[in-house]
Number of protein chains: 2
Amino acid sequence: MPECVYTAGMRASDRAHLTLREEIIAGDLAPGSVLAEVEQSARLGISRTPLREALGRLVADGLAAPSAGRGVVVTAVSLDEAAPLFDLRIALEVLAVRRSAENAQHDPAARELFSGLAVRFEDAVAPLREGAEPSEYYALTEELDRAIDSTSGNAYLTDSLRTVRIHLVRLRRLSRHSPERLAESAREHAAIARAVAGTNPELAAAATVLHLQHALSHLRTASLPAPDPPPPGGPAQPSTASTALGPEARLKETTA
Amino acid sequence: MPECVYTAGMRASDRAHLTLREEIIAGDLAPGSVLAEVEQSARLGISRTPLREALGRLVADGLAAPSAGRGVVVTAVSLDEAAPLFDLRIALEVLAVRRSAENAQHDPAARELFSGLAVRFEDAVAPLREGAEPSEYYALTEELDRAIDSTSGNAYLTDSLRTVRIHLVRLRRLSRHSPERLAESAREHAAIARAVAGTNPELAAAATVLHLQHALSHLRTASLPAPDPPPPGGPAQPSTASTALGPEARLKETTA
DNA sequence: TGGTCGATCACTGTATACAAAACGGGCGAG
DNA sequence: CTCGCCCGTTTTGTATACAGTGATCGACCA
């Protein structure tokens with residue numbers, strides 16, 4: 001497995017937090033997996049102390065929750081959470097793009113930034129429709145997110161959006177994204193970036209609502225079959241982390 | 001110094017987190033104070049390990065920030081942050097009351113709850129105008145917050161609001177609240193509760209915008225230039241806060 | 001045979017000891 | 001006189017050892 005990020009020089013607790021977060025988001029650590037301290041510290045080659053700090057940050061992120069007596073378990077994620085999550089997300093993102101568009105009126109560099117992003121999104125439409133790998137497109141959307149964060153001028157808002165986006169990435173994995181939808185999404189992103197570059201707050205807000213409503217409705221209709229069969233009250237089977245790599249770990253980015 | 005909360009049975013890290021958070025919010029730990037691990041662990045009578053966890057949660061809450069080589073320092077708070085904080089707060093609270101009002105349409109118990117709160121807010125108007133202690137009123141507002149949180153039906157939203165409200169309490173300490181303003185605020189809160197009880201989302205949203213805009217403008221105009229002198233029984237000395245800080249780091253905030 | 005009680009076990013929570021790294025002060029050279 | 005470098009001190013980062021607590025499983029009794 002490739003160490004995708006440059007991990008040298010950072011603290012062990014940061015490495016553990018990053019690794020566990022990616023594994024949870026990727027699904028390698030299935031919801032319900034118990035993150036036992038001794039087990040995970042041994043697996044990651046670190047001690048319990050930095051691992052505990054990493055687990056605490058995971059809990060703060062909402063990716064794990066403490067279970068009485070069993071340590072922390074990976075939180076479940078389902079499409080039922082899409083509605084409340086998008087409800088919040090729409091409010092936050094609309095506010096962010098509105099402020100970015102307003103602030104861009106006195107910031108020529110920001111206008112240039114968003115103009116460039118708009119062009120890059122438009123250039124990404126055709127390849128996506130032809131079935132290109134969406135990872136590059138996702139990186140572009142993260143770049144747009146960062147641009148909005150930096151120009152909205154509201155650290156509190158950026159912080160709230162950070163948490164929302166973490167959960168969003170997990171939700172995205174529950175749905176299959178067709179090339180048509182990805183291309184449409186890129187067009188919508190281009191419209192948002194263009195509206196911000198044009199310093200039109202209302203247009204930017206409307207474009208954002210449009211995009212997010214489309215994303216939500218598509219998320220609902222293109223859901224993947226749930227890997228967990230048990231319908232009764234029990235939320236998730238307490239599968240141990242070491243054995244969780246078996247059944248459902250192989251649904252890796254099959255979106256095409 | 002009253003131990004206001006029941007601390008038996010909880011973990012040492014929870015106690016430390018709670019204690020430090022209250023001290024920061026109350027101003028006993030002034031902005032810029034260095035929270036050295038050995039010093040604070042000795043003061044609170046615990047070891048460094050649970051204290052570290054408490055500091056980590058403080059950083060996650062935004063009440064402290066890590067400073068390279070100096071440990072974590074209490075974050076500064078000023079009225080300059082009121083604008084972005086309220087910008088986010090308005091978006092979140094408006095969404096919350098809107099959803100609460102919607103959900104109350106199918107929840108008679110919620111309507112009863114908000115009706116009762118509206119009456120209690122109206123009953124609090126007269127005493128506040130006559131200079132009553134606002135602590136009881138603040139407890140009532142927290143009760144309204146909890147009612148909105150529980151009926152909005154959105155855990156993500158509730159979580160974001162939690163962080164906002166922590167910072168809000170710190171901001172509130174920077175401003176003086178006249179009995180007139182407190183009474184007016186109680187009336188506005190009553191209007192919000194009444195609108196939710198009446199299952200009118202738009203009215204509830206408008207009442208919330210009205211209240212928060214009033215609160216923000218009053219916060220700006222009634223700032224405290226020189227806060228309270230140090231408390232007479234104040235045992236917690238600012239420790240190394242003033243020693244390691246340069247002249248420019250000493251902000252206008254002092255212990256409240 | 002079913003229920004309940006007890007012991008065992010594993011896990012977390014806490015404390016302390018060790019090591020690395022960064023800041024501040026002091027010294028010397030230019 | 002100022003700038004740059006070096007070293008001591010203090011701080012955090014990490015590892016490990018210990019204790020308390022809860023759950024699980026087995027045995028015993030009704």
Side-chain angles (χ1 to χ4, degrees), chain A residues 6-20 29 32-60 63-75 234-244, chain B residues 6-20 29 32-60 63-75 238-250:
Chain A
Y6 170 72
T7 57
M10 52 196 318
R11 302 185 312 218
S13 57
D14 291 335
R15 283 199 306 267
H17 174 58
L18 194 63
T19 301
L20 289 173
L29 288 172
S33 301
V34 177
L35 300 177
E37 294 182 1
V38 286
E39 178 187 357
Q40 294 300 317
S41 62
R43 185 174 71 92
L44 298 175
I46 61 175
S47 178
R48 277 184 57 207
T49 307
L51 182 87
R52 271 181 75 85
E53 186 176 328
L55 291 181
R57 291 162 72 174
L58 250 51
V59 170
L63 293 177
S67 177
R70 277 193 193 77
V72 305
V73 300
V74 178
T75 53
Q237 315 213 75
S239 62
T240 249
S242 54
T243 64
Chain B
Y6 168 75
T7 57
M10 50 196 318
R11 303 185 311 219
S13 57
D14 291 336
R15 283 199 307 267
H17 174 58
L18 194 63
T19 301
L20 290 174
L29 287 172
S33 300
V34 177
L35 300 178
E37 294 183 2
V38 286
E39 177 188 358
Q40 295 299 319
S41 62
R43 184 172 73 91
L44 299 175
I46 60 175
S47 178
R48 276 183 57 206
T49 307
L51 182 87
R52 272 181 75 86
E53 186 175 329
L55 291 181
R57 290 163 71 176
L58 250 51
V59 170
L63 294 176
S67 176
R70 279 191 194 78
V72 305
V73 299
V74 178
T75 53
S239 62
T240 56
S242 51
T243 63
L245 288 178
E248 106 289 356
R250 196 81 203 118

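Numbered from 1 within each chain, the chains take letters A, B, ... in sequence-line order. Because only heavy atoms are used, hydrogens play no part in the values below, and waters and symmetry mates are left out as well, while side chains stay in.
- With sequence neighbours excluded, no residue satisfies side-chain hydrogen bond (donor to acceptor under 3.5 Å, both in side chains) with Ser41(A).
- Here the C1' atom of nucleotide dT12(D) and the CD atom of Gln40(B) are 15 Å apart, to the nearest Å.
- Using a 4.5 Å heavy-atom threshold, the side chains of Val72(B) and Val59(B) count as touching.
- Residues Leu63(A) and Val74(A) form no side-chain contact, since every pair of their non-hydrogen atoms from C-beta on lies 4.5 Å or further apart.
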Using atom names, set out every protein N or O paired with an N or O of nucleotides 16-19 of chain C below 3.5 Å, distance rounded to 0.1 Å.
| from | atom 1 | to | atom 2 | distance (Å) |
| --- | --- | --- | --- | --- |
| dT16(C) | O4 | Thr49(B) | OG1 | 3.1 |

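- Here dT12(D) presents its C1' atom at 16 Å from CE of Met10(A), a figure rounded to the nearest Å.
- Remark: Arg52(A) is in phosphate contact with dG13(C), judged by side-chain N or O atoms under 4.0 Å from OP1 or OP2.
- For Leu51(A) and dG13(C), the CG to P distance is 12 Å, given to the nearest whole Å.
- Look at CZ on Arg11(A): it is 14 Å from C1' on dA22(C), rounded to the nearest Å.
- Remark: Glu53(B) engages Arg52(A) in a side-chain hydrogen bond (donor to acceptor under 3.5 Å, both in side chains) (not counting sequence neighbours).
- What separates CD of Glu53(A) from P of dG13(C) is a distance of 15 Å, to the nearest Å.
- With contacts defined as side-chain heavy-atom distances shorter than 4.5 Å, the pair Val38(A)/Arg48(A) qualifies.
- With sequence neighbours excluded, no residue satisfies side-chain hydrogen bond (donor to acceptor under 3.5 Å, both in side chains) with Ser47(A).
- Rounded to whole Å, atom C1' of dT14(D) lies 15 Å from atom CG of Leu44(A).
- By the 4.5 Å heavy-atom criterion applied to side chains, Asp14(B) and Arg57(B) are counted as neighbours.
- Closest to the Val38(A) side chain, of the nucleotides dT12(C), dT14(D), dT12(D), is dT12(C).
- When each of dA15(C), dG13(C), dG13(D) is scored by its nearest atom to the side-chain atoms of Glu37(A), the top-ranked nucleotide is dG13(C).
- Spacing between atom CD of Glu39(B) and atom C1' of dT11(D) amounts to 12 Å, rounded to whole angstrom units.
- Applying the 4.0 Å criterion to OP1 and OP2 of dT14(D), one finds that Ser13(A) has a side-chain N or O inside that range.
- Over its length, the helix from dT1(C)-dA30(D) to dG30(C)-dC1(D) turns its helix axis by 10°, as judged from the five terminal pairs at each end, rounded to 10°.
- With respect to Leu51(A), the side chain to side chain contact (heavy atoms under 4.5 Å, CB included) criterion is satisfied by exactly one of His17(A), Glu39(A), Glu37(A): Glu37(A).
- With hydrogens and angles ignored, the 3.5 Å screen pairs no side-chain donor or acceptor of Ser33(A) with any backbone N or O of Leu29(A).
- Arg15(A) places its CZ atom 14 Å from the C1' atom of dA15(D), with the value rounded to the nearest Å.
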